[in-house]
Number of protein chains: 2
Amino acid sequence: MTFTAEQKRLAAQEAYNGGLAHCPARQLLETISSKWVTLVMLALADGPQRHSELRRQIPGASQKMLTSTLRALERDGLVSRLVTVSVPVRTDYELTPRGHSLLGVLIGLKDWAEENMDGVAHARMEYDRHRLEFGE
Amino acid sequence: MTFTAEQKRLAAQEAYNGGLAHCPARQLLETISSKWVTLVMLALADGPQRHSELRRQIPGASQKMLTSTLRALERDGLVSRLVTVSVPVRTDYELTPRGHSLLGVLIGLKDWAEENMDGVAHARMEYDRHRLEFGE
DNA sequence: CTGTATCCTCTAAGATACTG
DNA sequence: CAGTATCTTAGAGGATACAG
């Protein structure tokens with residue numbers, strides 16, 4: 001059996017994407033680029049917080065999103081969840097050691113961003129201005 | 001004129017999200033979490049590359065995606081584009097100084113990922129296993 | 001208080017075909 | 001070779017209502 005060039009290309013793409021899915025860096029990016037993870041982790045930086053406290057600190061997150069990002073972080077072993085059975089229920093979230101370690105990396109990201117994103121914004125404006133001026 | 005609690009909450013959310021949009025760290029995350037930017041930047045780490053060379057190095061990216069991530073990176077001043085008018089046309093892409101600087105941060109991310117994502121994967125399996133065992 | 005279950009929207013990413 | 005123009009689709013994110 002032989003293959004067309006197209007088939008070979010598609011096979012290569014598939015293999016490549018399959019590999020990508022298992023690339024640790026890609027996985028990490030997928031985790032931290034979820035809209036609320038960084039904010040949640042930052043909110044937990046200073047110690048445990050209850051669900052309701054997190055809601056107050058991150059008013060932009062819907063309840064569903066807050067719960068689901070907390071679940072994802074728990075599943076990844078970055079946050080631990082402690083439920084106190086009472087009426088009403090009380091739930092505390094806390095960074096695990098690995099979570100703290102990741103937080104360090106995130107802060108590095110934040111620092112770079114705060115130093116450089118102004119420049120990026122400026123570059124964007126320049127780029128857009130030229131596009132307008134010289135048509136295209 | 002008065003406002004309901006609901007209106008106040010929505011206003012707060014809107015203000016918060018508006019603020020988020022201007023948060024440098026969030027913007028950076030949005031940039032680098034675009035599926036192909038890290039791969040493109042890594043491919044450019046060792047020096048300039050032509051469009052076709054990039055395609056070969058990153059076979060998973062469709063032409064459209066490759067072009068559009070390159071455009072985005074150029075707009076942000078992270079990559080520069082040099083077109084040589086000839087037949088056929090030749091285009092070279094290269095990291096700018098700011099691009100190199102960002103690359104450093106990305107490598108930090110990669111290092112953390114390579115050290116920790118195994119642990120994360122393990123945590124995920126444990127989590128899922130418990131979920132299956134104890135129902136819920 | 002903490003969380004689940006639906007339903008809906010919007011957009012990043014991909015497939016495909018075409019142009020200078 | 002490099003790039004643009006459409007069309008489609010999968011899934012992240014959100015609004016709302018309900019439940020233990």
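Ranked by how close their nearest DNA chain D nucleotide is to the 5' end, A:S34 and A:Q63 are led by A:S34. Nucleotides of DNA chain D nearest to B:R56 and A:M65 differ in position, and the one nearer the 5' end is that of B:R56.
If you take CZ of B:R131 and C1' of C:dT4, they are 12 Å apart, rounded to a whole angstrom. Here D:dA12 presents its P atom at 17 Å from CG of B:L29, a figure rounded to the nearest Å. Between the CG atom of A:L66 and the P atom of D:dT16 there is a distance of 18 Å, rounded to whole Å. Atom CG of A:L70 and atom P of C:dT2 are 11 Å apart (whole Å). Between B:K35 atom NZ and D:dT9 atom C1' the separation is 13 Å, expressed in whole Å. Atom-to-atom, CG of A:D92 to C1' of C:dC1 comes out at 12 Å; the value is rounded to the nearest Å. At whole-Å resolution of the value, CG in A:L39 and P in D:dG13 are 12 Å apart. In this structure, the CZ atom of B:R55 is 12 Å from the P atom of D:dG3, given to the nearest Å.
Using a 4.0 Å cut-off, no side-chain N or O of B:T91 falls inside it from OP1 or OP2 of D:dC1. The phosphate of D:dA2 has neither OP1 nor OP2 within less than 4.0 Å of any side-chain N or O from B:R90. Taking only side-chain nitrogens and oxygens, B:R81 comes nearer than 4.0 Å to OP1 or OP2 of D:dG3. Within the structure, a side-chain polar atom (N or O) of B:R50 is placed less than 4.0 Å from OP1 or OP2 of D:dA2. In this structure, B:R71 reaches the D:dG3 phosphate: one of its side-chain N or O atoms is under 4.0 Å from OP1 or OP2. Of the side-chain N and O atoms in A:S62, none sit less than 4.0 angstrom from OP1 or OP2 of D:dG13. Contact check, B:Y93 against D:dC1: no side-chain N or O comes under 4.0 Å of OP1 or OP2.
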* Asked: Step by step, would you call B:R98 with A:N116 a side-chain contact (heavy atoms from CB on, under 4.5 Å)?
  -> CA-CA 8 Å; B:R98 186 185 292 132; A:N116 293 275; 4.3 Å; yes
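A:K64 comes within contact range of at least one nucleobase, with a heavy-atom separation under 4.0 Å. No contact: A:S68 has no heavy atom under 4.0 Å from any strand.
Between the side chain of B:S34 and the backbone N or O of B:V37 there is no donor-acceptor pair closer than 3.5 Å. Although no hydrogens or angles enter the test, the distance criterion places a donor-acceptor pair under 3.5 Å between the side chain of A:T96 and the main chain of A:L78. Under a 3.5 Å cut-off, the side chain of A:T67 and the backbone N or O of A:Q63 do form a donor-acceptor pair. Proximity of a side-chain donor or acceptor of A:H122 to a complementary backbone N or O of A:D118 within less than 3.5 Å is not detected. B:R81 contributes no side-chain N or O that, together with a main-chain N or O of B:E94, makes up a donor-acceptor pair within less than 3.5 Å.
The side-chain heavy atoms of A:L54 and A:L44, taken from C-beta on, include a pair separated by under 4.5 Å.
Comparing the axis of the opening five pairs of the helix from C:dC1-D:dG20 to C:dG20-D:dC1 with that of the closing five pairs yields an angle of 40°, rounded to 10°.
Closest contact between the side chain of A:S52 and the listed nucleotides D:dG14, C:dT2, C:dG20 involves C:dT2.
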